[in-house]
Amino acid sequence: MKQTIRKRFTTLAGVASLGLAATAMAVPAETLDEVMARRGLSQKDLLAAAKTYTPTGGRDEFIVFSSGGQSGQIMVYGVPSMRILKYVSVFTPEPWQGYGFDEESKAVLAGGIIDGRELTWGDTHHPALSETEGAPDGEFLFINDKSAPRVGVISLDDFETKQIVVNPILQSEHGGTFVTPNTEYVLEAAQYPGILGRGFAPLSDFNEKFRGAITYWKFNREKGRIEPENSFSIELPPYTQDLTDAGKLVSYGWSFTNSFCAERYVGGIESGRPPFEAGCSQADTDFLHIINWKKAEEVYKAGKVTMINDHPVISLETAVEEGLVYLVAEPKSPHGVDVSPDGKFIVVGGKLDVTASVYSFEKIQAAIEAKNFSGVDPYGLPIIKMEDALHVQVPLGLGPLHNQYDSKPCVIYTSLYVDSQIAKWDYCEGKVLDKISIHYNVGHLVAMEGESVKPAGHYLISLNKLAIDRFNPVGPLHPQNHQLIDITGDKMELLYDMPVPLGEPHYAAAIAADKLKPLVRYRYGTNSRTGGKHEGATRPGSERIERDGTTVNVYMTAIRSHFTPEIIEVNEGDTVNFIITNSERAEDETHGFSVSTYNVNLSLEPGKTSTASIVADKPGIFSFYCTEFCSALHLEMEGYLVIKPKGYVEEAAAVSEGQAYTQADYDKQVQTNVDTQAVIDSVVGYITARNYKDFPEVASLVEDAVDQLNFAADAKAKSEAAAAESDWQNATLWAGQWWQYQVKAADIGLRAKTYLDEHGAVVVE
Ligand code: CUK
Ligand code: CUA
């Protein structure tokens with residue numbers, strides 16, 4: 001039988017090599033012209049390809065953080081390549097990252113439990129990067145959940161969610177998250193009016209009891225956390241508040257929130273009344289809320305607040321008395337509100353309008369100072385006349401929604417939902433400069449650092465709501481379509497379509513890639529969700545199993561390619577906590593951990609400690625294994641959880657193994673190891689003869705290889721000790737383990753050698 005198989009292989013190999021030789025002679029590589037003809041590509045396509053194509057190993061100039069919509073996640077991709085780099089799970093469990101599967105991240109998700117309900121999704125809309133002096137600084141990211149009013153905080157050290165806070169008073173929100181210029185506050189404004197504190201009142205009391213609000217979440221940058229105890233809200237009328245933006249530079253200290261359904265219509269289609277959509281779009285104008293948050297902060301600190309659910313709220317009455325909130329009319333069903341880079345203008349779109357309205361902050365302030373109001377709204381808020389606040393109104397097309405700014409002064413881009421176009425225009429002079437068609441029905445758009453005090457220009461991305469015919473069909477649920485547009489010239493140029501199959505990304509934030517400085521590995525034994533040292537962090541050599549009543553704590557380590565311990569015996573009914581530290585230092589050497597049928601998966605990046613907790617409610621044999629393909633012997637990175645049935649009585653017996661080894665086996669393995677060592681020595685010689693210390697990547701590879709060789713030395717000693725006692729079984733197995741470490745060291749060494757070759761290392765004396 002064996003013979004036959006070998007013969008077949010030989011024959012196959014022969015045929016294959018003949019075939020290859022023949023092919024190589026007959027088909028030369030295609031030329032560029034031939035490829036263009038075959039694929040129907042134009043010169044323009046090639047230019048677009050050259051602007052976006054990023055060769056292997058290449059990097060992007062900008063990184064985009066896109067909302068993942070209903071997936072409750074954030075999507076990270078590079079520009080101009082449009083390559084997806086990561087999904088960051090925020091409101092939704094995600095097994096690859098262990099999010100919602102390890103105890104540490106469960107604690108983060110538990111922060112999002114709302115009124116006792118554990119939610120397993122979120123409707124993410126607006127990601128916001130932390131800012132310093134009005135420009136993104138690459139330290140933190142925030143995102144809101146529209147459906148259940150919550151805010152997530154993500155650290156850009158490791159792209160992990162660190163905190164979820166629940167809004168104490170809102171039942172729905174949309175105007176989050178937006179940050180003030182030094183990330184003093186993270187803003188979250190309501191959407192659908194409700195009873196503050198999530199209480200009850202009949203809809204007949206809509207005007208009297210229903211309210212909107214805006215919450216100013218205090219952010220502590222040093223701790224990297226929102227501080228609910230230092231946060232406050234302002235009660236707002238039951239106009240349906242929509243988007244928000246913070247003032248900057250001249251308008252620093254103010255924030256702006258638009259609204260729709262200022263009609264305060266309450267639907268009732270089932271009782272024969274016209275639906276919300278009719279009643280909420282009847283009037284010609286709604287209200288932009290102009291809020292002095294700096295002053296509101298003082299009012300809050302002075303204690304002029306009402307406590308709702310232990311959260312301080314500035315009442316409408318106090319807001320009127322203290323002059324905190326002003327209104328100005330804005331055109332039909334407004335949507336976006338975006339402050340210009342210099343802070344002087346506020347641009348608002350109108351979903352059912354054709355114009356974008358540019359308000360002047362200076363004019364608004366003049367009206368407030370002169371108390372030049374047309375009157376007050378039913379809640380006593382002063383209303384500034386539209387004509388007194390407007391700088392210019394510009395007809396752009398149907399359904400202007402959102403705005404982004406260019407690096408060129410006065411240049412702005414506005415999405416036109418109904419027209420499926422983007423308009424480039426001048427908001428200082430009030431004239432349209434260019435338009436481009438997109439595919440189809442754009443919502444938000446994002447320019448590189450396009451809401452910063454210093455936009456970066458270069459690229460614009462159209463976040464389209466519909467893809468329709470753009471991609472290969474995949475059923476009635478289509479992917480979204482993000483379209484990359486070159487904005488360096490006078491005319492906008494469409495470069496690339498990227499399908500987004502995750503959820504509806506409402507908004508995105510972009511940052512220059514070099515502002516991000518993420519970690520490569522954690523400090524040893526880090527609880528990544530708190531950032532501190534994990535109390536269960538374990539060093540190699542101090543792994544142990546501790547029992548306390550029916551709780552079993554297993555302090556484990558993971559390294560290529562084994563867990564320590566590997567055999568874990570517990571009793572039916574025990575609670576088992578696997579507290580595992582990845583003791584690797586090598587870049588990208590992540591291990592996973594899963595236990596058969598117990599719904600466990602961990603992601604253990606180098607240095608991280610995570611906990612998987614299970615209740616051993618079903619006796620049996622359950623294998624656990626590493627779920628990341630981490631090394632050649634990844635499949636062997638395994639173990640057994642033995643759950644003994646209640647009342648089981650142990651019978652002492654030796655483990656029966658499938659193989660018995662002799663001295664000859666031992667000698668053979670040792671010879672292999674000696675040969676392998678010669679290879680390692682030559683690689684080490686090659687590396688150390690060169691200026692490898694000038695390459696941090698190589699220096700850390702060498703560190704890791706040295707680790708592996710130390711482990712090898714330890715296994716070698718054990719092997720030799722067993723051989724001295726003629727215990728050929730253990731001598732051979734430990735010699736095998738010694739070889740495993742050698743192989744890993746050699747693998748790392750070769751990686752380092754390749755790196756040096758490719759990066760022009762030189763021989764040093
Ligand atoms: S958005 Cu949330 S409905 Cu225009 Cu900011 Cu999509
Ligand atoms: Cu560790 Cu696979």
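Atoms within a ligand are numbered from 1 in the order they appear, just like the ligands themselves. Along the sequence shown, residues are numbered consecutively beginning with 1.
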Counting from 1, what ligand 1 atoms have a heavy atom of His126 closer than 4.0 Å? 1 (S), 2 (Cu), 5 (Cu)

Judged by atom type as modelled, is there a donor-acceptor pair below 3.5 Å linking the side chain of Ser415 to the main-chain atoms of Gly443? yes

Heteroatom N/O/S of His125 within less than 2.8 Å of atom 4 (Cu) of ligand 1: no

So is Lys146 in contact with ligand 1, going by heavy-atom distances below 4.0 Å? no

Using 30° and 60° as the class boundaries, would you call the ring planes of Tyr185 and Trp293 parallel, tilted or perpendicular? perpendicular

Quick one: pull up CD1 in Ile291 and CD1 in Ile214 and give me the separation to the nearest 0.5 Å. 4.5 Å

Below 4.0 angstrom from a heavy atom of His335, which ligand 1 atoms are there? Numbered from 1 as shown, please. 1 (S), 4 (Cu)

Can you tell me how the ring of Phe178 sits relative to the ring of His126, calling it parallel under 30°, perpendicular over 60° and tilted otherwise? tilted

Under-2.8 Å neighbours of atom 1 (Cu) of ligand 2, protein N/O/S atoms only: 4

State whether His174 contributes an N/O/S atom found under 2.8 Å from atom 5 (Cu) of ligand 1. no

Tell me, please: is Leu243 in heavy-atom contact with ligand 1, that is, under 4.0 Å? yes

Aromatic rings His506 and His125: how do their planes relate, parallel, tilted or perpendicular, breaks at 30° and 60°? parallel

Proximity of Lys465 to ligand 1 by residue part, where a heavy atom lies under 4.0 Å: side chain

Qualifying residue, where the test is side chain to side chain donor-acceptor pair (under 3.5 Å) with Glu188 and the options are Thr215, Asn167, Asn144: Asn167

Do Phe563 and Phe578 have their ring centres less than 6.0 Å from each other? no

Can you tell me if an N/O/S atom from His444 lies under 2.8 Å from atom 4 (Cu) of ligand 1? no

Under 4.0 Å from a heavy atom of His506: give me the atoms of ligand 1 that qualify, with their elements. 1 (S), 2 (Cu), 3 (S), 6 (Cu)

Using the ring of each side chain (for Trp, its six-membered ring), is Phe276 parallel, tilted or perpendicular to Tyr265, with breaks at 30° and 60°? perpendicular

Any luck finding a side-chain donor-acceptor pair between Tyr522 and Asp158 under 3.5 Å? yes

Measure the acute angle between the ring planes of Phe624 and Phe593, then classify it against the limits of 30° and 60° as parallel, tilted or perpendicular. tilted

